[in-house]
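Here's the structure, in structure tokens; my notes come after.
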Number of protein chains: 2
Amino acid sequence: MRQTKQKRYIMEAFQNYHGHPTAEELYAVLSPKHPRLSLATVYRNLNQFADKGMINRVIIPNGPTRFDSILDFHYHAICEECGELFDIDSPEIRAVDEAIHNIKAFNVSNYKIMLYGTCDLCKVKSQHLHENPSFN
Amino acid sequence: MRQTKQKRYIMEAFQNYHGHPTAEELYAVLSPKHPRLSLATVYRNLNQFADKGMINRVIIPNGPTRFDSILDFHYHAICEECGELFDIDSPEIRAVDEAIHNIKAFNVSNYKIMLYGTCDLCKVKSQHLHENPSFN
DNA sequence: TTACATGCAAAGTATTTGCTTCGCT
DNA sequence: AGCGAAGCAAATACTTTGCATGTAA
């Protein structure tokens with residue numbers, strides 16, 4: 001993998017990005033400063049980084065692929081209220097992973113899991129709304 | 001949901017289809033007998049059936065959505081050799097489901113999981129190849 | 001210098017939608 | 001009769017690819 005300034009720009013923008021950007025989102029950040037950068041290059045490089053294991057691809061059902069800088073073990077969860085993607089880890093999640101490794105059938109070598117629920121912020125919001133319907 | 005002959009054709013083709021068809025695959029089966037049937041109608045009806053809980057939508061990472069007639073609890077697994085999608089159930093899989101229900105964070109209300117491994121047929125094939133490299 | 005990367009536009013894949021017409025109920 | 005559904009084509013969303021040019025090693 002050859003060093004290019006595009007690769008550096010993309011990796012830098014990715015690391016400064018809070019959350020889990022899509023290729024388009026990174027392109028939107030980079031495009032103003034680097035008008036000649038093309039979306040295809042962003043896609044190509046993010047895919048290359050992911051293939052090399054430098055970053056994580058998070059496939060979203062019914063949505064664009066997002067990328068994740070956390071390489072350590074964790075799960076992903078989508079908040080059904082706000083649509084945001086979150087990184088999740090806990091002892092209970094380790095227990096899920098362990099249970100999956102116990103599956104004997106099918107030579108299971110790998111898996112993808114996506115959790116759906118409510119993030120902390122949306123949980124608080126709906127509580128306030130419940131207590132005071134004019135809250136927004 | 002209004003009764004139409006298209007709905008009947010699609011549901012019938014779906015039930016006669018062995019495995020997990022995509023909208024395109026069902027359309028390919030139906031199109032010769034019903035040349036006026038449109039792919040959009042197949043999509044619209046499969047989505048309607050799924051929304052009504054009559055059939056199951058199986059979202060495939062990097063691939064077209066497949067549909068499943070089994071409504072009972074089970075998981076899905078993709079064979080990494082042949083690409084086929086399989087229905088899976090076993091006590092170990094129930095244990096995974098249980099472990100997921102034990103997750104306290106994020107108010108997890110739902111999840112999607114896809115297992116990757118090797119199906120029985122491909123397992124046998126690769127054993128034969130191992131024992132006799134000319135096997136095919 | 002040469003092989004890989006980029007930019008750009010075009011194509012690809014999967015699916016949905018606008019709109020007119022059709023046909024259940 | 002009225003309104004949801006079908007047919008068709010076009011649009012959409014996301015992503016990849018072909019090809020000429022650029023540039024890192």
Side-chain angles (χ1 to χ4, degrees), chain A residues 1-14 17 19-52 54-68 76 78 83 85 112 114, chain B residues 1-14 17 19-52 54-68 76 78 83 85 112 114:
Chain A
M1 192 167 67
R2 182 172 291 182
Q3 260 343 302
T4 64
K5 37 189 178 136
Q6 289 86 344
K7 276 192 173 57
R8 284 194 300 279
Y9 298 153
I10 291 165
M11 187 47 105
E12 186 194 317
F14 174 67
Y17 197 100
H20 302 84
T22 64
E24 288 269 11
E25 285 168 353
L26 280 185
Y27 176 71
V29 168
L30 288 163
S31 198
K33 283 147 204 153
H34 309 285
R36 310 290 310 272
L37 178 69
S38 91
L39 178 57
T41 298
V42 178
Y43 270 104
R44 269 191 286 237
N45 280 312
L46 290 173
N47 280 334
Q48 238 181 288
F49 295 157
D51 291 343
K52 289 262 188 300
M54 300 160 65
I55 71 177
N56 233 304
R57 228 189 303 257
V58 189
I59 289 163
I60 312 287
N62 307 316
T65 296
R66 299 191 163 272
F67 294 88
D68 186 352
H76 290 109
I78 292 175
L85 178 71
K112 294 196 185 311
M114 181 61 77
Chain B
M1 191 167 65
R2 182 172 292 184
Q3 262 340 305
T4 64
K5 37 189 179 140
Q6 289 85 346
K7 277 192 173 56
R8 285 194 301 279
Y9 298 153
I10 292 166
M11 187 46 105
E12 186 194 316
F14 174 68
Y17 197 100
H20 302 83
T22 64
E24 288 268 12
E25 284 168 354
L26 280 185
Y27 176 72
V29 168
L30 287 163
S31 198
K33 284 147 205 155
H34 310 284
R36 309 290 310 273
L37 177 70
S38 91
L39 178 57
T41 298
V42 178
Y43 270 104
R44 269 191 284 238
N45 280 311
L46 290 173
N47 281 334
Q48 239 181 287
F49 295 158
D51 291 343
K52 288 261 186 303
M54 299 160 64
I55 71 176
N56 232 302
R57 228 189 302 257
V58 188
I59 289 164
I60 312 288
N62 307 315
T65 295
R66 297 190 165 274
F67 295 87
D68 186 353
H76 290 109
I78 292 175
L85 178 71
K112 294 194 184 312
M114 182 61 77

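Just so it is clear: chains get the letters A, B, ... in the order the sequence lines come, proteins before strands, and each one is counted from 1.
The phosphate of D:dT16 has neither OP1 nor OP2 within less than 4.0 Å of any side-chain N or O from A:Tyr43. The phosphate of D:dT15 has OP1 or OP2 within less than 4.0 Å of a side-chain N or O from A:Thr65. Considering only side-chain N and O atoms, A:Thr41 lies under 4.0 angstrom from the phosphate OP1 or OP2 of C:dG7. Listed pair B:Ser38 / D:dA6 fails the phosphate criterion, with no side-chain N or O lying under 4.0 Å from OP1 or OP2. Phosphate contact (OP1/OP2 of D:dG7, side-chain N/O of B:Gln6, threshold under 4.0 Å): present. At the phosphate of D:dG4, neither OP1 nor OP2 sits under 4.0 Å from any side-chain N or O atom of B:Gln48. A close approach under 4.0 Å does occur between a side-chain nitrogen or oxygen of A:Arg36 and OP1 or OP2 of C:dC8. For the pair A:Asn47 and D:dT15, the criterion of a side-chain N or O lying under 4.0 Å from OP1 or OP2 is not met.
Across all non-hydrogen atoms, the minimal contact from B:Glu24 to B:Tyr43 is CG-OH, 4.3 Å. Of all the heavy atoms in B:Asp68 and B:Val58, the pair that sits closest is CB-CG2, 3.8 Å. Looking at every heavy atom in both residues, B:Met1 comes nearest to B:Met54 through CE-SD, 3.7 Å.
Mapping B:Thr22 and A:Lys5 onto DNA chain C via the closest heavy atom, the residue that lands nearer the 5' end is A:Lys5. Nearer the 5' end of DNA chain C, as judged by each residue's closest nucleotide, is the contact made by A:Pro35, out of B:Gln3 and A:Pro35.
With hydrogens and angles ignored, no donor-acceptor pair closer than 3.5 Å exists between the side chain of B:Arg44 and the base of D:dG4.
Using bins of under 30°, 30° to 60° and over 60° for the plane-to-plane angle, the ring pair B:His34/B:Tyr9 lands in the parallel bin.
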